[in-house]
Amino acid sequence: MSPIQLPLTSEKLPESGVEAGSRAFCTTVIPPLDGEFIYEYGVSTHGHLAVGDVIEVPLGRRTTNAFIVSLNSDKEAKTLEQMEARGVSIRMISRESTSQRAFSPQHLSFYEWIARYYAEPLSKILDLAIPAPAVTKPQRGYRLSTVSSLSQTEALSLGPIQSRVTELLKSALDPILASTLKSKCGASAATLRSLVQKNLIEEVLIDKTDQISASADLLAIEAPSLNDEQQSAVTAIKNLGDGFSGTLIQGVTGSGKTEIYLTLILEALQKGLSALVVVPEIALTPQLTERFISRLQIPVAVLHSSLKPKERWRHWSDIVSGRVRVAIGARSAIFAPLHNLGLIVVDEEHDSSFKQGEGIRYHARDLALVRAKLCSCPVILGSATPSLESYNNALSGKYLHVHLRQKYHDAAQSTFEIVDLNTIKPWKMKSKSISPNFFLGLKKTLDKGGQAFVLYNKRGFASYLQCSSCEHVLGCPHCSVTLTFHRNAHSLICHQCSFTMVPPAICLACGAHEKLDHDAEPIFAHRGSGTERVHEELGQLFPTARIAVLDRDTASSVQDYVEILRRVREREVDILVGTQMIAKGHDLPGVIFVGIVDSDVGLHIPDFRAAERSFQLLTQVAGRAGRRSEQGHVVLQTRVPSHPSLVLTASSKYDEFAEQELAMRKSLHYPPFHKLLRVIVSAADRSVALKMAAELAQFASKLSEQLKIQVLGPAPAPIEKIRTLWRYHILMRSPSVASLQHAMKQLKRNYYSKDDTRVSYDLDPHDML
Ligand code: ADP
Ligand code: ZN
């Protein structure tokens with residue numbers, strides 16, 4: 001950490017004693033506590049602390065980490081006067097406190113902006129944004145000994161692992177980490193120690209800086225030459241200049257968006273600037289990450305959800321120290337403390353994972369724009385199916401709108417076929433869910449050795465079980481939803497709260513029980529289906545096909561997910577059945593058929609974004625079909641064949657869909673034209689929740705007289721009960737986000753979670769259930 005001069009102590013102070021009036025103070029924030037805390041620090045620390053440092057401070061009887069948010073300002077002086085006048089004494093920071101840098105003032109402005117926007121204390125933002133500080137030690141590494149070179153006889157006396165180690169070190173320019181020697185050569189600590197004793201290798205401490213190559217190398221990297229569309233996109237973006245600008249690149253998967261990002265990132269790096277890339281879920285896109293790493297050839301911080309706390313902090317401090325200038329990561333990477341940003345990229349900008357679902361419900365794409373504005377740099381949003389928010393901004397000229405109309409590898413457009421399930425007699429179906437045309441498309445594909453994706457955006461075997469005698473439906477005891485039957489796990493599972501039970505043998509409502517006679521009708525009928533069921537049906541229809549399932553049951557960890565995709569890529573799988581998890585941008589050239597079992601899942605939910613999401617999902621998954629040489633075929637099964645989400649997916653008319661949908665949103669006063677604030681009040685006692693919700697709504701209505709906001713509700717939330725809590729919501733909308741923020745601030749002061757009532761505020765909500 002480079003010491004930063006303090007404003008009040010720019011001249012060196014004598015070692016002993018402090019001059020009168022030269023005491024030094026800092027204001028800190030200590031998550032998760034609200035508010036600010038002032039501490040004094042001693043003369044020996046002068047000049048070594050800066051805004052953004054994490055220090056140790058006493059708090060009550062313990063010590064804790066604190067972030068410095070200001071040093072020796074007039075504000076501190078004033079507060080101190082007041083405190084000391086009240087007889088409150090100021091405590092010193094911990095004696096042996098060593099500081100680590102967590103951010104710099106420029107990042108603090110960004111975090112403060114977020115705090116203001118969501119009307120939350122800064123400490124909550126810091127808590128969310130910054131990983132827990134950990135002590136990072138230089139790591140142990142080895143190089144060939146400089147004193148003795150390896151003689152023939154010595155080489156012969158080495159074991160196979162030892163020879164591998166010396167060979168590897170001989171070929172390396174830099175020392176190699178012990179952990180690398182272990183993974184590459186199988187060298188244990190004992191092996192390495194014995195080589196050191198033989199004086200063949202020596203131990204060194206590797207500081208991260210040793211592994212950084214000079215930025216001049218960048219020029220040497222070979223990049224593919226861009227095609228005309230890509231080149232004109234790059235030129236247009238560069239013409240916007242270095243300051244803040246927004247660009248929407250609308251281009252189908254495979255049209256070469258990533259190539260454009262890489263080109264512009266390299267330019268930024270060559271100017272000495274840094275770059276930030278935000279993607280939906282980094283661990284799920286290892287190919288993309290590898291592509292960035294291999295092309296940029298400088299250290300890239302890869303920030304993903306399965307990092308261990310220590311690794312997370314190591315990346316963070318590499319970034320804040322400036323050692324690493326490129327970060328790529330999921331939603332929370334937007335907080336990464338890069339300096340001198342030259343570009344922010346948000347790939348698949350429409351993806352719903354950019355919105356945080358709980359706590360501070362920020363949206364990484366929206367924050368990308370804020371951050372770019374604050375540090376005057378360009379931001380690029382890329383998608384085949386942009387969010388209507390971004391599309392509208394592009395239409396209105398707020399963003400530069402760039403189109404990439406062709407796939408780079410020039411395969412022909414996929415063909416689409418809509419299958420109207422209403423017109424097919426049940427006995428004509430190949431199985432419960434598979435229509436003859438779906439079957440045919442799949443069969444043709446498998447016959448010629450192609451691979452297929454089958455989308456069914458529902459997990460499990462049956463959506464619910466129903467008593468055949470009294471029609472009772474088995475629901476979750478804690479939530480107002482049905483229990484999904486998972487046959488592989490032989491369980492009924494609540495998809496809201498994960499409550500799990502073994503399917504009962506007796507109907508709790510009427511007492512009917514499972515007959516022992518095997519031919520008898522089962523007491524509980526399976527209603528609806530899911531990926532497990534479709535998997536079974538496909539297994540019966542294509543007994544020799546290798547079928548895998550990709551959903552949250554089969555891929556509960558990132559490793560599982562990556563492994564399933566590896567099997568698909570290496571052609572160990574013929575048919576991949578899955579939920580929306582199969583729709584993400586993987587480059588799998590063998591896939592030539594995409595079948596959508598039920599295109600209507602997600603269409604009939606009470607959310608104004610239902611049609612948009614549905615269109616995006618269908619189009620994204622359809623985009624998996626036919627890359628490279630082979631034309632793809634897509635079959636969509638539906639019961640509403642004329643729904644625009646479907647028809648316009650099948651005719652690949654994003655713009656038409658977006659314009660229709662925007663017109664509707666405009667007339668109904670929905671985003672992006674109006675802003676929304678959703679408040680959910682929940683409590684175990686239904687009437688308690690309703691009472692508070694009604695009071696809150698009334699308070700909001702009073703505010704609405706001066707502010708231009710409309711208050712809707714309270715109404716029961718579409719999912720009335722989750723985890724035993726009854727839920728009511730109030731929706732406020734206004735053309736002005738400032739009005740909503742103003743209202744939110746006032747509301748938060750009066751209505752907050754306490755006792756057994758919970759209140760949650762969601763500005764720009766994406767979840768309406
Ligand atoms: P997108 O990000 O839009 O999905 P990509 O940038 O991944 O598209 O490009 C799709 C494929 O085309 C990739 O395999 C990429 O390597 C290749 N590609 C894109 N642009 C070029 C180019 N200018 N020269 C060579 N190959 C390219
Ligand atoms: Zn439940």
Side-chain angles (χ1 to χ4, degrees), residues 221-235 247-266 277-280 285-296 328 345-351 380-386 402-411 459-460 463-464 473-486 491-501 569 583-591 619-629 654 682 684 717 719-727 769:
I221 297 161
E222 210 179 309
S225 53
L226 301 177
N227 67 17
D228 289 350
E229 267 192 333
Q230 289 172 320
Q231 190 52 57
S232 53
V234 167
T235 310
T247 298
L248 173 65
I249 304 184
Q250 185 181 339
V252 295
T253 317
S255 58
K257 296 185 293 296
T258 310
E259 253 350 287
I260 298 179
Y261 307 153
L262 281 164
T263 305
L264 292 166
I265 290 170
L266 281 164
V277 182
V278 192
V279 295
T285 47
Q287 286 173 304
L288 181 79
T289 317
E290 275 164 31
R291 199 161 144 202
F292 272 82
I293 292 174
S294 71
R295 282 286 291 288
L296 299 176
I328 166 166
V345 173
V346 183
D347 192 29
E348 308 289 353
E349 68 86 31
H350 66 278
D351 197 278
I380 298 180
L381 312 177
S383 175
T385 52
V402 169
H403 292 269
L404 297 182
R405 294 181 203 277
Q406 285 188 350
K407 288 200 179 192
Y408 186 82
H409 290 289
D410 218 6
R459 291 186 289 142
S463 310
Y464 58 95
V473 170
L474 292 179
C476 175
H478 311 299
C479 309
S480 56
V481 298
T482 59
L483 291 167
T484 304
F485 177 49
H486 289 247
S491 302
L492 288 167
I493 302 177
C494 172
H495 286 188
Q496 284 300 327
C497 75
S498 303
F499 168 83
T500 302
M501 66 185 262
R569 191 170 309 114
K584 311 267 167 175
H586 321 292
D587 183 7
L588 298 164
V591 179
T619 300
Q620 293 280 343
V621 77
R624 308 290 111 226
R627 300 196 91 175
R628 310 277 150 101
S629 51
Y654 171 86
S682 51
I719 302 178
E720 286 189 80
K721 191 172 77 166
I722 296 181
R723 289 171 214 272
T724 71
L725 298 182
W726 292 94
R727 310 161 74 237
L769 304 179

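Start at 1 and go down the list; that is how both ligands and their atoms are numbered.
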* Asked: Taking the Zn ion (ligand 2) as the vertex, how big is the angle to SG in Cys479 and SG in Cys494, rounded to 10°?
  -> 110°

* To do: Would you check if the Zn ion (ligand 2) lies under 2.8 Å from any N, O or S atom of Cys476?
  => yes

* Distance from Ile380 atom CD1 to Asp347 atom CG, nearest 0.5 Å? -> 10.5 Å

* **Heavy-atom side-chain proximity of Val252 to Lys407 below 4.5 angstrom** => yes

* To do: Please tell me if the side chains of His486 and Arg459 come closer than 4.5 Å, counting only heavy atoms from C-beta onward.
  => yes

* Asked: Considering only heavy atoms from C-beta outward, does the side chain of Cys479 approach that of Phe499 to under 4.5 Å?
  -> no

* Asked: Which atoms of ligand 1 are found less than 4.0 Å from any heavy atom of Thr253?
  -> 4 (O)

* Asked: Contact between Lys407 and ligand 1, counting heavy atoms under 4.0 Å?
  -> no

* Proximity to ligand 1 by part of Gln230, non-hydrogen separation under 4.0 Å -> side chain

* **N, O or S atom of His478 closer to the Zn ion (ligand 2) than 2.8 Å** => no

* To do: Would you mind running through ligand 1 and noting each atom that sits below 4.0 Å from a heavy atom of Pro224?
  => 22 (C), 24 (N), 25 (C)

* Arg291 bridged to Glu259 by N-O distance under 4.0 Å -> yes

* Asked: Just which atoms of ligand 1 are under 4.0 Å from any heavy atom in Val252?
  -> 3 (O)

* Minimum non-hydrogen distance to atom 23 (N) of ligand 1, winning option of Ser255, Gly256, Ser225 -> Ser225

* To do: May I ask you to test the Val277-Phe292 pair for a side-chain heavy-atom distance under 4.5 Å?
  => yes

* Indicate, as side chain, backbone, both or neither, the part of Glu348 found under 4.0 angstrom from ligand 1 when only non-hydrogen atoms are considered. => neither

* **Min side-chain heavy-atom separation Ile260-Leu404 under 4.5 Å** => yes

* Asked: To which of Gly623, Gly254, Gly382, Ala384 does the heavy atom nearest atom 10 (C) of ligand 1 belong?
  -> Gly254

* Is the shortest heavy-atom distance from the side chain of Leu296 to the side chain of Leu262 under 4.5 Å? -> yes

